[in-house]
Amino acid sequence: MPRIIVETEAYSHTEKGCHAYNNRMTTRNEVMFNEGGHAYVYLCYGIHYLFNVVTNKNGIGDAVLIRALEPLKGVDIMMKRTGVKEPARITSGPGKLTKAMGIDRGLNGKSLLGREVWIEENDARLTGASIQASPRIGIDYAGKDAELPWRFTIKDNPWISRK
DNA sequence: TAATCGATGGACT
DNA sequence: GTCCATCGATTAC
């Protein structure tokens with residue numbers, strides 16, 4: 001069931017918004033220190049699973065949070081999973097998209113080159129002008145690092161989260 | 001071992 | 001606009 005990723009946020013161990021800040025490794029975020037190309041899935045607020053892609057080398061805790069998707073197929077089953085009627089709202093948020101995709105902690109640490117979850121290229125090509133950068137969402141506790149413009153969205157795409 | 005707190009979202013006033 | 005469900009990880013003691 002393909003999707004196009006339309007909204008992401010970057011997290012690096014060099015800033016406080018990241019779980020791996022200051023190279024802190026815990027049972028929760030240890031997969032972030034894996035080789036890039038792995039899935040990092042964790043439970044937030046006791047309710048929502050958030051899906052990240054580990055991006056750096058082994059031993060370096062960097063990742064990209066997937067915040068929103070544009071569905072290409074499978075809209076019907078995602079509406080059934082989430083109960084959301086409006087197609088453009090099914091995956092418009094990091095917690096909602098994992099529910100729509102059926103992602104849970106069972107995928108934590110899985111390789112994105114495997115068969116359970118993966119990312120691939122398609123024919124869509126973006127120009128720099130169609131990508132907007134803005135401050136990340138929901139990390140006020142990170143202080144000054146919360147202002148980093150590390151949230152990337154596709155301009156005017158209706159599937160991005162509205163915050 | 002106990003208290004606190006989220007990389008959220010939905011319901012409600 | 002405000003409130004809060006819900007639970008594992010983290011922090012406080």
**Study point:** dA7(B) - base-pair partner by Watson-Crick or wobble geometry, distances under 3.5 Å
**Key:** none

Exercise for review: Among Thr14(A), Thr55(A), Asn56(A), Asn52(A), find the one that has a side-chain hydrogen bond (donor to acceptor under 3.5 Å, both in side chains) with Asp62(A).
Suggested key: Asn56(A)

Exercise for review: Specify the separation, in whole Å, of atom OH of Tyr45(A) and atom P of dA11(B).
Suggested key: 18 Å

Check your understanding: Separation of Arg28(A) atom CZ from dT10(C) atom C1', in whole Å?
Key -> 8 Å

Review point. Starting at the 5' end of DNA chain B, which residue's closest nucleotide do you reach first, Leu43(A) or Val84(A)?
Key: Leu43(A)

Exercise for review: Indicate, with a heavy-atom threshold strictly under 4.0 Å, whether Asn29(A) touches base, sugar-phosphate, or nothing.
Suggested key: nothing

Review point. Nearest-Å distance, OH (Tyr42(A)) to C1' (dT6(C))?
Key: 15 Å

Exercise for review: From the options Ile90(A), Ile154(A), Thr91(A), select the one residue that forms a side chain to side chain contact (heavy atoms under 4.5 Å, CB included) with Trp159(A).
Suggested key: Thr91(A)

Review point. Is a donor-acceptor contact shorter than 3.5 angstrom present between the side chain of His48(A) and the base of dA7(B)?
Key: no

**Study point:** From dA5(C), dA9(C), dA7(B), nucleotide with atom closest to Tyr40(A) side chain
**Key:** dA7(B)

Check your understanding: Under 4.0 Å between a side-chain N or O of Arg136(A) and OP1 or OP2 of dT8(B)?
Key -> no

Check your understanding: Taking CG from Asp62(A) and P from dA7(B), how many angstroms apart are they, rounded to a whole number?
Key -> 17 Å

Check your understanding: Partner of dT1(B) by Watson-Crick or G-U wobble geometry, both contacts under 3.5 Å, or none?
Key -> dA12(C)

Point to revise | Passing candidate, side-chain hydrogen bond (donor to acceptor under 3.5 Å, both in side chains) with Arg136(A), options Glu147(A), Glu15(A), Glu9(A) | key: Glu15(A)

Review point. So, is Thr26(A) close to the dT10(C) phosphate, meaning a side-chain N or O under 4.0 Å from OP1 or OP2?
Key: yes

Practice item. Using atom CZ of Arg67(A) as one end and atom C1' of dG9(B) as the other, report the distance to the nearest whole Å. Key: 11 Å

**Study point:** Touch class at under 4.0 angstrom, heavy-atom based, for Arg89(A) against every strand present
**Key:** nothing

Practice item. Taking atom C1' in both dC4(C) and dT4(B), compute the distance separating them and give it to the nearest angstrom. Key: 16 Å

Check your understanding: Out of dA7(B), dT6(C), dT8(B), which nucleotide sits closest to the side chain of Ile47(A)?
Key -> dT6(C)

**Study point:** Glu116(A) bridged to Lys110(A) by N-O distance under 4.0 Å
**Key:** yes

Check your understanding: Can you check whether Tyr141(A) has a side-chain N or O nearer than 4.0 Å to OP1 or OP2 of dA7(B)?
Key -> yes

**Study point:** Nearest-Å distance for atom pair OH/P, residues Tyr49(A) and dG9(B)
**Key:** 15 Å

Check your understanding: So if you build clusters from Ile, Leu, Val, Met, Phe, Trp, Tyr with side-chain heavy-atom gaps below 4.5 Å, do Leu69(A) and Val117(A) land together?
Key -> yes

Exercise for review: Starting from P on dA7(B), measure out to CG on Asp145(A) and report it in whole angstrom.
Suggested key: 13 Å

Check your understanding: If you take all heavy atoms of Val31(A) and Tyr40(A), which pair is closest and at what distance?
Key -> CG1-CD1, 3.2 Å

Exercise for review: Would you please determine if the base of dA7(B) is stacked by Tyr11(A), with stacking meaning a centroid separation under 5.5 angstrom and planes under 30 degrees?
Suggested key: yes

Review point. Of all the choices, dG9(B), dT6(C), dA7(B), which nucleotide is nearest to the side chain of Lys96(A) once you look at every atom?
Key: dG9(B)

**Study point:** Whichever of Thr27(A) and Gly46(A) has its nearest DNA chain C nucleotide further upstream toward 5'
**Key:** Gly46(A)

Check your understanding: Base, sugar-phosphate alone, or nothing: which one does Gly138(A) contact when heavy atoms must sit under 4.0 Å apart?
Key -> sugar-phosphate

Exercise for review: Return the value, rounded to whole Å, for the distance between atom CG of Asn52(A) and atom C1' of dG6(B).
Suggested key: 14 Å

